[in-house]
2 protein chains.
Amino acid sequence: MIAMGRGKKEEKFAKVCSLLREHGVRITNVRKAVVKELLNGKQHRHVEELCRKLASKGVSRASVYRTLSLLEHVGFVSKVLYGERHSHFEFLSIGEHHDHLICIRCGRIVEFKSSQIERLQKEIAKKHSFELKGHVLEIRGICPQCKRLNKEQEKTVKDC
Amino acid sequence: MIAMGRGKKEEKFAKVCSLLREHGVRITNVRKAVVKELLNGKQHRHVEELCRKLASKGVSRASVYRTLSLLEHVGFVSKVLYGERHSHFEFLSIGEHHDHLICIRCGRIVEFKSSQIERLQKEIAKKHSFELKGHVLEIRGICPQCKRLNKEQEKTVKDC
DNA sequence: TTTTATGCAAAACTTTTGCAGCTGA
DNA sequence: TCAGCTGCAAAAGTTTTGCATAAAA
């Protein structure tokens, strides 16, 4: 995953601000902090991690949740699952999107990109008159390591 | 969504049982009840709804969760998000899979099927030596109704 | 008989909310 | 100014766990 360049980050930041304004939402310090934190980190994040980082800037947990749902509403982030318990958030429409293969045994996540899938989702959105904002594709299966383990020792699958 | 025929259901039930046995897991009444309930309902379900239905058969909430995670591990169900708060579960590898377009404004869900996507996911899994068990594709965007509303009255987006 | 599963109730988490005070436009 | 944000703390909701008992093999 490549970090965004400074220029691009600022451009994106401005775009989010204007998105918020369009929705009649105030641009507050708290919201700026959340957006900046999102832009500074990886493309997908635990809410928990965001809360921890933002707490040091005086942003409360409640505000993190409130801001995320606001940003989801305007189409800047999207909730994703990635086979785990707690929710993650991911940027939308930021280019450089990738999808995931997830092992249902050990949780291993393999990233991949597919231009064909990008193309297909555009077609599908268009066909249903949706304004495309992003997508989540998780392919679930059993990874090569777990398949091998499975054969060797049928019962100790946990510690793959 | 078409309900499964009786014969197909029984066949599937037998398959799950043997899957469980393969994993050295006991076939208990509770587990049978959960699997049957899953096979009798829609392809994706709220955990909450499952708990309610199974409670009347004497199955506890804890067992529903335990059984679901077991079934997830053997590859019979998969956790999905569908843009909502609480988790849903979905059958895997049961054929007749469909994906979803989700409106980030109003939560509207539109189902669609794409044989091209089915084909692509198979290729991708194969390429990474994963044993394919299923996939989740959610395309997120703004539905035609919300787009219209957006233009008409910029600020009352909630009650789309 | 022995091992594994279950129900119960409590604990651990995650997310939302009401409200009083604060802040951005 | 003042509608809209925010933090706090409490509530609500979801998922997991320990343990005594029950059920499967």
Side-chain angles (χ1 to χ4, degrees), chain A residues 16-18 20-35 37 45-74 77-89 107 154-158, chain B residues 16-37 45-74 77-89 107 154-158:
Chain A
V16 179
C17 289
S18 70
L20 291 175
R21 263 188 281 265
E22 263 173 45
H23 283 267
V25 160
R26 285 187 185 167
I27 315 293
T28 64
N29 286 330
V30 165
R31 288 172 184 163
K32 282 189 213 161
V34 175
V35 172
E37 182 53 44
R45 319 276 298 267
H46 289 62
V47 176
E48 211 27 58
E49 186 213 339
L50 274 176
C51 288
R52 227 180 309 122
K53 291 234 179 152
L54 286 161
S56 68
K57 290 182 178 115
V59 178
S60 74
R61 172 173 294 270
S63 286
V64 173
Y65 278 101
R66 283 190 275 231
T67 305
L68 282 173
S69 91
L70 189 63
L71 292 174
E72 187 169 22
H73 187 259
V74 304
V77 300
S78 181
K79 213 178 265 194
V80 296
L81 190 65
Y82 296 133
E84 290 184 30
R85 254 190 284 299
H86 45 296
S87 49
H88 292 225
F89 277 81
E154 194 56 51
K155 288 189 67 176
T156 34
V157 279
K158 288 229 163 167
Chain B
V16 179
C17 289
S18 71
L19 249 177
L20 291 174
R21 263 187 282 264
E22 264 174 44
H23 283 267
V25 160
R26 286 185 182 169
I27 315 294
T28 65
N29 287 332
V30 165
R31 287 171 184 165
K32 283 188 213 162
V34 175
V35 172
K36 275 186 186 157
E37 181 54 42
R45 320 274 299 265
H46 287 62
V47 177
E48 210 29 56
E49 186 212 338
L50 275 176
C51 288
R52 228 179 311 123
K53 291 232 179 154
L54 287 161
S56 68
K57 288 179 179 117
V59 178
S60 73
R61 172 173 295 270
S63 287
V64 174
Y65 278 102
R66 284 190 275 233
T67 305
L68 283 172
S69 91
L70 189 64
L71 293 174
E72 187 169 22
H73 186 259
V74 303
V77 300
S78 181
K79 211 178 267 197
V80 294
L81 191 65
Y82 296 135
E84 290 184 32
R85 255 190 282 299
H86 45 295
S87 50
H88 292 224
F89 277 82
E154 194 55 52
K155 290 190 67 176
T156 35
V157 280
K158 288 227 161 167

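Side chains included, hydrogens not; waters and symmetry mates left out as well; all remaining heavy atoms used. Numbers restart at 1 for each chain; the letters A, B, ... are given by sequence-line order, proteins then strands.
Looking only at side-chain heavy atoms (C-beta outward), Leu68(B) and Leu50(B) come within less than 4.5 Å of each other.
Taking side-chain N and O atoms only, Asn29(B) has a distance below 4.0 Å to OP1 or OP2 of dA24(D). Taking only side-chain nitrogens and oxygens, Arg61(A) never comes nearer than 4.0 Å to OP1 or OP2 of dA9(D). In this model, the phosphate group of dT6(D) is approached by a side-chain N or O of Thr28(A) to a distance below 4.0 Å at OP1 or OP2. A sub-4.0 Å separation between OP1 or OP2 of dT15(D) and a side-chain N or O of Tyr65(B) is present.
Rounded to a whole Å, the CZ atom of Arg31(A) is 15 Å from the P atom of dT23(C). Per the geometry, NZ belonging to Lys79(B) stands 13 Å off P belonging to dT14(D), to the nearest Å. Distance Leu71(B) CG to dA5(C) P: 13 Å, rounded to the nearest Å. Spacing between atom CZ of Arg66(B) and atom P of dC8(C) amounts to 11 Å, rounded to whole angstrom units. Atom P of nucleotide dT17(C) and atom CG of Leu70(A) are separated by 15 Å, given to the nearest angstrom. For Ile27(B) and dT3(C), the CD1 to C1' distance is 15 Å, given to the nearest whole Å. Residue Leu54(B) contributes atom CG, which lies 10 Å from atom P of dG7(C) at whole-angstrom precision. Rounding to whole angstrom units, CG of residue Leu68(B) and P of dT16(D) are separated by 10 Å.
Side-chain proximity of Ser63(B) to the nucleotides dT6(C), dT14(D), dT6(D) is greatest for dT6(C).
Distance check: His23(B) NE2 to Ser18(B) OG gives 9.5 Å after rounding to the nearest 0.5 Å. Summarising the geometry, atom CZ belonging to Arg66(B) is positioned 14.0 Å from atom CG belonging to Leu71(B); distances are rounded to the nearest 0.5 Å. Annotation: the span from Arg45(A) atom CZ to Lys53(A) atom NZ amounts to 5.5 Å, rounded to 0.5 Å.
In terms of polar N and O atoms assigned as donor or acceptor, the side chain of Arg26(A) comes within less than 3.5 Å of the base of dA3(D) in a complementary pairing.
In terms of heavy-atom proximity, Arg31(B) sits nearest to Arg26(B) at NH1-O, 2.8 Å.
Nearest-nucleotide mapping onto DNA chain C: of Ala62(B) and Val25(B), the residue sitting toward the 5' end is Val25(B).
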